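Input: a single structure, listed below in structure tokens.
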Amino acid sequence: MKKKILGALLSVAMAATLLVGCGTNNASAPAEEKTEAATEEKAEAKEEAPAAEANGKKVGVAMPTQSSERWINDGGNMKKQLEALGYEVDLQYAEDDVQMQVSQIENMIASGVNCLVIASIDSSALVNVEAQAKEAGIPIIAYDRLLMDTDAVSYYATFDNKGVGTAIGKYIEEKKDLANTSETFTIEFFMGSPDDNNAHMLYAGLMEVLQPYLDNGTLVCKSGRTSFDDTCILRWSQETAQQNCENYLTGFYADEDLDICATAFDGFAYGCKAALEGAGYTEENWPMITGQDAELMATKNIISGKQTMSIYKDTRLLAEKCVTMVQAVLEGAEPEINDTEQYNNGKIVVPSYLCTPVAVDKDNYKEIIVDGGYYTEEQLAE
Ligand code: BGC
């Protein structure tokens, strides 16, 4: 009886925290293990760019945040590659503050940029400023995240976002041999920000693979939180992921271990890692933890066994594709496009280039990440 009351109390407390978690702009206190800020550019941009010609054109690059390493690399790669072509670059980060991003873009327009490249925080907040840009004859390229509900965007450079979800799902399916096993595995989900179209697509891809195993009982989600709405984490907050994981462990995994943390982002994987360590998990019962971005810290955690896998996204390649789009709108060149169907933003279908995401774990990180020149062995050993 006592146990029941305690359980009920815990569930109420947990529901309250989760509600707060999903509805808060959690740019607040830094978690113990923060994403390592990249102080130097990790990857050399391709050297084959044409010689710089001082064309006097200026490109405004609006990036979401420096709190996660990937965006630092994205911004660095874009700046480097555009400057190599002779463009002046105004690179701004908005630290996940939606209004700050609006002001930064307004300032870019006022300062006379010729083209805008935007990786949005909450693209619904950008509709007006995008209309202003269109009015002023400034073309916009969407970078990594689709710009929703606007006809002011010309092209979209990204990774195959549904493919990211499928790759995470297939990794879990294969490594746990879900199709053949007679075992059951417990699983909890940590999905991306509801204002980011990528998060929805990732979830769709992931569930395309995993839903049948939830339906037939091979995967058991003890919290019952499997829908996107129940598992999304506003602004991709690492702190909220940690809090959610702590709540799941206390509320539902007192008597049974959690086997799989299906997370959509390396930052979430760090949050889960901290929660699991706090709950006393060790090498013996450490769960499978997925992630996305193959950040330096995540790759180190993969090597040490604290994270199982991540999705490698070569930001050098993404920048390269995006730069061809900038050239297309400014110089009339032909951009490379490989998708003209999937990315309907509510107003138009945006011609897109989708780069291919690759699952990395301890077995292939050397070949993909080190041999690919993304990180050196020295960086990984630091
Ligand atoms: C990106 C991911 C990234 C996430 C959090 C998404 O829009 O596609 O690569 O992990 O944002 O920054």
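Computed from heavy atoms alone, side chains included, the values below leave out hydrogens, waters and symmetry copies. If you're wondering where the values come from, they're calculated on a predicted model, not measured in any experiment. Whatever order the structure lists them in is the order used to number ligands and atoms, beginning at 1.
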Check whether the ring centres of Y253 and Y281 lie less than 6.0 Å apart, and answer yes or no.
-> no
For residues Y374 and Q379, report the shortest heavy-atom separation together with the two atoms involved.
-> O-OE1, 4.2 Å
Residues lining ligand 1 [heavy-atom distance under 4.0 Å, listed by chain and residue number] = R70, W71, D144, R145, D196, N198, W236, F265, Q292, D293, K313
Side chains of K134 and E130: closer than 4.5 Å at any heavy-atom pair?
-> no
Between D144, D339, V164, which is the residue that forms a side-chain contact (heavy atoms from CB on, under 4.5 Å) with T158?
-> D144
Classify the side-chain pair N216/T218 by whether it contains a donor and acceptor separated by less than 3.5 Å.
-> yes
Student check: side-chain heavy atoms of Y343 and N197 closer than 4.5 Å = yes
